[in-house]
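For reference, the structure discussed in these notes is given below.
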Amino acid sequence: SSSSSSSNIFPITFIEALLLSVICSQGVPILKDGWEALFTAEGLVENEYIITWLGLGAILEAAAKQWCETAKKNLLCAQEIGQKIVDISELQIEVDAKKDALIDAMRLHQSPDRLAKKSIMLLEAVRVRIGHTEFQKRKTQKKNEHELGLRPLQWNSKHLSHWASTLHIIQNGRPLSSTGADFMPQQGKITPAGYLDKKGCRAIFIQVSQQTRLRSLFVKYSSRELTVMLSKATKNSLSCGETMETLSTKWKNNHELSSKYNEILLSGMLRYGFGGFDEMVRQPESSPLYPDTDVGVKCFTRKFVQQKLNDLTRELSALDDTADNIRLLNERKRNRFNAGMEAHNDERVSKSNTPRIQIGINAFFRSPNTSKAEVITLSDDTNSDESPKRQAVGRSPLSSPEKKLKK
């Protein structure tokens, strides 16, 4: 919206509006090992689905140029047909603002680290204005939200935090959320391009989460692994009630073809983005995605594709989370086993290294064996038949034998 009517709305500048549109189309670059290459001209070329901050800056600059040219054409047309001076004045202000946005976009393209920081802080500012959507139960969410589900939203929230930590723009565990709105009261020159309410912020965060999460999976897994995962995701999405009424009968009734077409669709949307949707549809490899009729082409819309991507991203994300949990449990199990083996080996080593007592010395410390000893009892009655009598007694191990004298 172009005007402010509530204190709950979020004003954004022209460059921020343009940046959000680009990120909604492409998603955020994926943070992984070797992330420094995302800021260089070389980038990470081993995977076609990887986008860099430098590449995102190039898209931003190209979009700003097109945006500025469109504003200039609108101004010229208004002047030629002789519109009101007030209307022409407003169009001139828009042209000037978009020229400034083009300058900002060129600077961000030349400074990828600054672009990364601005993007993460802007997305965090959007996230904090959506309420607790990412943590709500599915029953309380609206239809367009639980098409995507909670997991991609939560994953994206953590991904933003990881980027913020890497870029040193984190505070109390969350990214900073500074935007142009923080400087508008101090600098009258900064004028908002528009305002976002809670609903708009939610829609933007959901779209960015979907594209970023999907891209992360295509970067993480090989083509063969993705084919297997997509086969499972297609079955799961259909079992959840996904409707395919706009597609051809062969796509509806053939699970194998459906999975194959899904892979073509997801791959194309990551390579072209939502901004390049029309160009993707015109590509020869996209022709199997819709019936070769005018009705089929008309049904294959951005709205349908968005729903399809939400469904598949939700299921792929769940499969990835499950695989990660199983992998983590197996690692913990191996670590416990290895720790037990090490403890067992240490115990064996300690026993083998214990000094032994020599047999001869050991006998000295050991109590003597019970044996029979002869004790002679002396008696004054020398005529007794029992005198002297030899008695065999058992010697106590704890006392020494003693002679008893009777007087």
> Ignoring hydrogens and geometry, is there a side-chain-to-backbone donor-acceptor pair from R114 to H109 under 3.5 Å?
Replying inline: no
>> Just so I know, are the side chains of L230 and L266 near enough to count as touching, which here means a heavy-atom distance under 4.5 Å?
In response: yes
>> Donor-acceptor pair, distance only, cut-off 3.5 Å: does the side chain of S157 make one with the backbone of Q154?
In response: no
> Salt bridge between D278 and R302, side-chain N to carboxylate O under 4.0 Å?
Replying inline: yes
>> Does L148 form a side chain to side chain contact (heavy atoms under 4.5 Å, CB included) with T313? I'd like the steps, not just the answer.
In response: CA-CA 7 Å; L148 183 61; T313 302; 4.1 Å; yes
> With no hydrogens and no angle check, is any side-chain donor or acceptor of N74 less than 3.5 Å from a backbone partner on T70?
Replying inline: yes
>> Applying side-chain hydrogen bond (donor to acceptor under 3.5 Å, both in side chains) to S216 and R213, what does each step give before you reach the verdict?
In response: CA-CA 5 Å; S216 73; R213 182 57 171 137; 3.2 Å; yes
>> If you take the centroid of each ring, where Trp contributes its six-membered ring, are W53 and W35 closer together than 6.0 Å?
In response: no
> When rounded to the nearest 0.5 angstrom, what is the spacing between NZ in K118 and OG in S111?
Replying inline: 12.0 Å
> Does the pair R282 and S286 meet the rule for a side-chain hydrogen bond (donor to acceptor under 3.5 Å, both in side chains), with working shown?
Replying inline: CA-CA 7 Å; R282 290 194 295 267; S286 300; over 6 Å; no
> For atom CD of Q79, is the number of surrounding heavy atoms from other residues, nucleotides or ligands below 6.0 Å larger than 12?
Replying inline: yes
>> Taking the side chain as everything from C-beta on, heavy atoms only, tell me whether V305 gets closer than 4.5 Å to L309.
In response: yes
> Of all heavy-atom pairs between G27 and T212, which one has the smallest distance, and what is that distance?
Replying inline: CA-OG1, 3.4 Å
>> Determine whether a donor-acceptor pair (N or O, by modelled atom type, separation under 3.5 Å) exists between the side chain of T166 and the backbone of H162.
In response: yes
>> Return the OG1 to CG distance between T13 and D104, rounded to the nearest 0.5 Å.
In response: 7.5 Å
> Does D311 come within less than 4.0 Å of K235, counting only side-chain N to carboxylate O?
Replying inline: no
> Where the side chain of N325 meets the backbone of D321, is there a donor-acceptor pair that is under 3.5 Å apart?
Replying inline: yes
>> Using the rule given for side chain to side chain contact (heavy atoms under 4.5 Å, CB included), can you reason through L214 versus L270, listing the C-alpha separation, both sets of side-chain angles and the distance that settles it, and then say yes or no?
In response: CA-CA 8 Å; L214 182 62; L270 288 177; 4.0 Å; yes
>> Under a 4.0 Å threshold between the charged nitrogen and the carboxylate oxygen, would R327 count as salt-bridged to E331?
In response: no
> Under 4.5 Å between any side-chain heavy atoms of R314 and R151, yes or no?
Replying inline: no
> Would you say the side chain of I130 lies within less than 4.5 Å of the side chain of L153, judging by non-hydrogen atoms?
Replying inline: no
> Does a side chain donor of either Y272 or S25 reach within less than 3.5 Å of an acceptor in the other side chain?
Replying inline: no
> With respect to V208, which candidate in L20, V126, L123 satisfies the side chain to side chain contact (heavy atoms under 4.5 Å, CB included) definition?
Replying inline: L123
> So how far is it from C68 SG to F14 CZ, rounded to the nearest 0.5 Å?
Replying inline: 11.0 Å
>> Any salt bridge linking E69 with K65? Criterion: basic side-chain nitrogen under 4.0 Å from a carboxylate oxygen.
In response: no
>> Tell me whether T40 contacts the main-chain N or O of E36 through its side chain, where contact means a donor paired with an acceptor under 3.5 Å.
In response: no
> Salt bridge between E124 and R174, side-chain N to carboxylate O under 4.0 Å?
Replying inline: yes
>> Quick check: closest heavy atoms across A101 and A64, and the distance to 0.1 Å?
In response: O-CB, 4.4 Å
> Okay, side chain of E61, backbone of A58: is any donor-acceptor separation there less than 3.5 Å?
Replying inline: no
>> Please report the interatomic distance CD(E147) to CD(Q307), rounded to the nearest 0.5 Å.
In response: 4.5 Å
> Taking atom OG of S209 and atom CD1 of I206, what is their separation to the nearest 0.5 Å?
Replying inline: 7.5 Å
>> Just verifying a value: how many Å separate I30 CD1 and K220 NZ, rounded to the nearest 0.5 Å?
In response: 11.5 Å
>> Within the structure provided, determine whether K98 and K72 are in side-chain contact (heavy-atom separation under 4.5 Å).
In response: no
>> Classify the ring geometry of H159 against W155: parallel below 30°, tilted from 30° to 60°, perpendicular beyond 60°.
In response: parallel
>> Using every non-hydrogen atom in the two residues, find where C201 and L196 come nearest and quote the distance to one decimal.
In response: SG-CB, 3.9 Å
> Where do I88 and A78 come nearest, in terms of heavy atoms and distance?
Replying inline: CD1-O, 4.1 Å
> For I264 and E285, which heavy atoms make the closest approach, and how far apart are they?
Replying inline: CG2-O, 3.4 Å
> Does NZ or CZ of R129 fall inside the cone over F10's six-membered ring, less than 6.0 Å from its centre and within 45° of the axis?
Replying inline: yes
> What's the verdict on side-chain hydrogen bond (donor to acceptor under 3.5 Å, both in side chains) for S177 and R127, showing C-alpha distance, side-chain angles and the deciding distance?
Replying inline: CA-CA 9 Å; S177 56; R127 188 195 70 83; over 6 Å; no
> Which atoms form the tightest heavy-atom contact between L18 and S21, and what is the distance?
Replying inline: O-OG, 2.6 Å
>> Looking at E263 and S259, would you say the former's side chain and the latter's main chain have a donor-acceptor pair under 3.5 Å?
In response: no
> Do the side chains of E48 and R271 get nearer than 4.5 Å, heavy atoms only?
Replying inline: yes
>> Assess the residue pair L115 and L54 against the criterion (side chain to side chain contact (heavy atoms under 4.5 Å, CB included)); give the C-alpha distance rounded to whole Å, side-chain angles, the decisive distance to 0.1 Å, and a yes or no.
In response: CA-CA 9 Å; L115 171 62; L54 194 67; over 6 Å; no
>> Within the structure provided, determine whether P112 and T52 are in side-chain contact (heavy-atom separation under 4.5 Å).
In response: no
> Is any side-chain heavy atom of Q207 less than 4.5 Å from a side-chain heavy atom of F274?
Replying inline: yes
>> Walk me through whether V28 and I51 qualify under side chain to side chain contact (heavy atoms under 4.5 Å, CB included).
In response: CA-CA 8 Å; V28 175; I51 57 171; over 6 Å; no
